[in-house]
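A short worksheet on the structure shown next.
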Amino acid sequence: MKIVACIKRVPTTEAQAKVGADGKSLDPAGWQYMASFYDEIAVEAALQAKEKHGGDVTVLTLGPSEAAKEVREFLARGADVGVILKDADPSSRDPRWTAKALAAKVQALGADVVFTGRVATDRDHAAVGTMLATYLGWACVTEVVAIELGDGKGTAKRETEHGVETVEFALPAVITCNKGLNEPRRASLKGIMAVKTKTIAEEAPVDSGSQTQVVSVELPPARKAGRIVGEGAAGVAALVDALKNEAKIL
Amino acid sequence: MSTILVFVEQSSGTARRASLECLSAAHATGMTVAAVVAGDASEKAAAGLGAYGATKVVALTGAGWSPDAVARDVVTVAKELGAKAFLAAATATGKDIAPRVAALLDSTLLSDCTALRAQGDALAATRPWLAGKAIATLTSSAPVFCATTRPNVFEAKQTGGQAEVVARPASTDGKAKITSVAEKSGDKLDVKEAPIVVSGGRGLRGPENFHLIEELAAAFGSAATGASRAVVDAGWRPHSEQVGQTGKTVSPQLYVAVGISGAIQHLAGMRTSKVIVAINKDADAPIFKIADYGLVGDAFEILPELTKAVAAARKR
Ligand SMILES: Cc1cc2nc3c(=O)[nH]c(=O)nc-3n(C[C@H](O)[C@H](O)[C@H](O)COP(=O)(O)OP(=O)(O)OC[C@H]3O[C@@H](n4cnc5c(N)ncnc54)[C@H](O)[C@@H]3O)c2cc1C
Ligand SMILES: Nc1ncnc2c1ncn2[C@@H]1O[C@H](COP(=O)(O)O)[C@@H](O)[C@H]1O
């Protein structure tokens, strides 16, 4: 089985937002980076699929050369090949652009199944995996918390507001992974040593032209200063009074 | 006037609140609003959408649900109407359908928007970056402007209009199909859509104490229970309840954080709540910095009293 896991290099969740000098971007000074949280789950799902069904795992990312660090970490965990679609533009692409660039590469690889994260924690689109599947004309199951792959088809479970849905799908497919699907493994020391000097192939992505223009980027308005209404159970009356008479919620 | 098409979700013939909010957001752009509604009982739901500003509603009829087939049908409707814009609510279903519709229209998608306005004859949308640590305003040059709207941000407003309803059978040839749904017990609200969220953190000490959170939520009435990642990772609460940068982003009328320290990743997920209450025994906990009302003290003493007081206040 030809398996692909798509990962995105994003600022760590500790990163603070600071508006860039142009007022249309974020200033990345001082940021550290990581693979987006849900992409760890996508890679784990890919590795488990390989262990169960055979084949190989390609870790695919669109981003800067520096993403080699994150790709290498996943090679150390057991992925076979890493590919960087090297993007000259440091700001994030719109989801259509990204999905089309990934689709071209996934097609060339002849993949049977692609795992992505539910959402990347930088631009919060929650769209690239689903758009990728649609451009490929493949099945897609989103926000998956359980998966079973079979011959030419599979079954997945997804959590929604109304409950857990069971979905049957045809392969090839794109699966967007949610927390709860698995517990990502750590790389072994042996794995880390083995990939230390591995070069990661870089390719030019297909450029389909941006459809998004940034008008402005701002920080969220500061919240009005609040106050401590009291201490312990004795403060309950003051809190209820504030909710009722000031906030008008009760 | 150009048309904006809204994908409306329904269950048993009742439109989802988040979809009505989305219709109102569409109506406010000044464009002609059309709606498409799918699934069992879609015709019944369609009848009520005129009241929220839709002038034309297409009901896709038939049981069964295949997201790719639904998306294809929605695109057919969008093309027939010559829609210049497409909206859906950013719910689990809306987030599943909207990117497919966008890709089929070869248009990019602006997800989870918190504001939408006409800018010339185009639309501009405001959406969070980094889970709301920053807010970007964007325009799109896509052939069809596609966006999803965040639940609980736009107000669902009745316009008193009437819609022409057209029913037609939905496509059935999808590549993925829902075969069963294990419905959530009772009418438990989802954190993303509930007007009030009561969340518990590690300060609750163990899963056996979360009944205190549930009881307070019940006292408030239509409230959902939420959780910090620490307690979700510990297995005390399901991850569907996690609020934060790697959980759900919520904007309820009232957010109550109990025994939650207020880590940056948690704050990113709830800082746009209208009113924030924090209950924590540590007066220096960061959560107090963004709380409107803070109560310093032991949750185990405070919660039973607060639950009683809230229930009493609502009775009067
Ligand atoms: C990549 C990444 C992603 C993350 N994503 C998220 C996310 O999406 N959501 C999220 O919530 N976190 C997230 N986190 C975790 C976050 O950094 C914090 O660790 C977490 O939010 C802490 O949870 P907590 O507030 O319940 O626990 P703690 O930080 O341990 O706080 C417990 C609080 O309870 C108080 N307390 C203790 N006893 C009592 C009592 N009897 N009565 C009242 N108060 C009491 C304490 O004073 C303390 O403030 C993420 C972290 C990383 C690294
Ligand atoms: N630049 C990228 N390179 C590789 N995969 C990506 C990229 N952007 C998004 N993805 C994948 O799509 C998922 C959803 O991203 P998004 O739609 O941006 O929230 C991510 O978790 C990744 O698996």
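Computed from heavy atoms alone, side chains included, the values below leave out hydrogens, waters and symmetry copies.
With a 4.5 Å cut-off on side-chain heavy atoms, A/W138 and B/D68 do not count as touching. With contacts defined as side-chain heavy-atom distances shorter than 4.5 Å, the pair B/S180/A/E165 does not qualify. Counting heavy atoms from C-beta on, the side chains of A/T142 and B/K95 never come closer than 4.5 Å. Inter-residue side-chain proximity for B/R271 and A/P220 is flagged as met; some heavy-atom pair is nearer than 4.5 Å. Using a 4.5 Å cut-off on side-chain heavy atoms (C-beta onward), A/Q213 and B/L138 make no contact. At least one side-chain heavy atom of A/L26 sits less than 4.5 Å from a side-chain heavy atom of B/L130. The shortest distance between side-chain heavy atoms of A/I228 and B/L295 does not fall below 4.5 Å. Residues A/V164 and B/V181 have side chains not in contact (no heavy-atom distance under 4.5 Å, counting atoms from C-beta outward).
If you take CD on A/Q211 and CG on B/L110, they are separated by 10.0 Å, rounding to the nearest 0.5 Å. The CG atom of A/L239 sits 12.5 Å away from atom CD of B/E305, with the distance rounded to the nearest 0.5 Å. For the atom pair B/K289 NZ and A/R223 CZ, the distance stands at 15.0 Å (nearest 0.5 Å). Note: A/M131 CE to B/L104 CG = 9.0 Å, rounded to the nearest 0.5 Å. Put simply, OG1 on A/T160 and CD1 on B/I178 are 7.5 Å apart, with the number rounded to the nearest 0.5 Å. A distance of 12.0 Å separates OG in B/S66 from CD in A/E168, rounded to the nearest 0.5 Å.
Looking at B/R100, both its backbone and its side chain come within 4.5 Å of chain A, counting heavy atoms on both sides. Of the two parts of B/D96, the backbone and the side chain both hold a non-hydrogen atom closer than 4.5 Å to a non-hydrogen atom of chain A. Heavy atoms of B/R16 lying under 4.5 Å from chain A belong exclusively to its side chain. Contacts of B/T272 with chain A are made by backbone atoms alone, with heavy-atom separations under 4.5 Å and no side-chain atom involved. Contacts of B/F288 with chain A are made by side-chain atoms alone, with heavy-atom separations under 4.5 Å and no backbone atom involved. Of the atoms belonging to B/K274, it is backbone heavy atoms, and not side-chain ones, that fall under 4.5 Å from chain A. Looking at B/V232, the atoms closer than 4.5 Å to chain A (heavy atoms on both sides) all sit in the side chain, from C-beta outward. Within the 4.5 angstrom heavy-atom criterion, only side-chain atoms of B/V277, from C-beta onward, approach chain A. If you measure heavy-atom distances from B/I290 to chain A, the contacts under 4.5 Å come from both the backbone and the side chain.
Chain B is approached within less than 4.5 Å, heavy atom to heavy atom, by A/A242, A/L243, A/K244, A/E246, A/A247, A/I249, A/L250 from residues 241-250 of chain A, ordered by number.
Using a distance-only test at 3.5 Å, with no hydrogens or angles considered, no donor-acceptor pair links the side chain of A/R227 to the main chain of B/A291. Formation of a donor-acceptor pair under 3.5 Å by the B/K175 side chain with backbone atoms of A/G137 is found in this model.
Using a cut-off of 4.0 Å between Lys/Arg side-chain N and Asp/Glu carboxylate O, A/K224 and B/D292 are scored as not salt-bridged. Ionic pairing of A/D124 and B/R127 is not present here: no N-O contact between side-chain nitrogen and carboxylate oxygen is shorter than 4.0 angstrom. Using a cutoff of 4.0 Å between basic side-chain nitrogens and carboxylate oxygens, A/K179 and B/D233 are scored as salt-bridged.
Contact count against chain A (heavy-atom pairs under 4.5 Å) is highest for B/I276 among B/T148, B/I276, B/V191. Ranking B/T126, B/I279, B/D298, B/T137 against chain A, the residue ahead of the rest is B/T137, based on heavy-atom pairs under 4.5 Å. Annotation: maximal heavy-atom pairing with chain A below 4.5 Å, among B/D106, B/L303, B/V101, B/T93, occurs at B/D106.
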Let's go through A/V217 and B/I135 carefully: what are the C-alpha distance in whole Å and the side-chain angles of both, what is the deciding distance for side chain to side chain contact (heavy atoms under 4.5 Å, CB included) to 0.1 Å, and is it a yes or a no? CA-CA 6 Å; A/V217 175; B/I135 299 167; over 6 Å; no

Take A/Q16 and B/K133, measure what side-chain hydrogen bond (donor to acceptor under 3.5 Å, both in side chains) needs, and give me the verdict at the end. CA-CA 7 Å; A/Q16 301 276 2; B/K133 290 177 195 168; over 6 Å; no

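Residue A/E66 places its CD atom among more than 12 non-hydrogen atoms of other residues, nucleotides or ligands, all under 6.0 Å distant.
Using modelled atom types, one finds a donor on one side chain and an acceptor on the other under 3.5 Å when comparing A/T13 with B/Q265.
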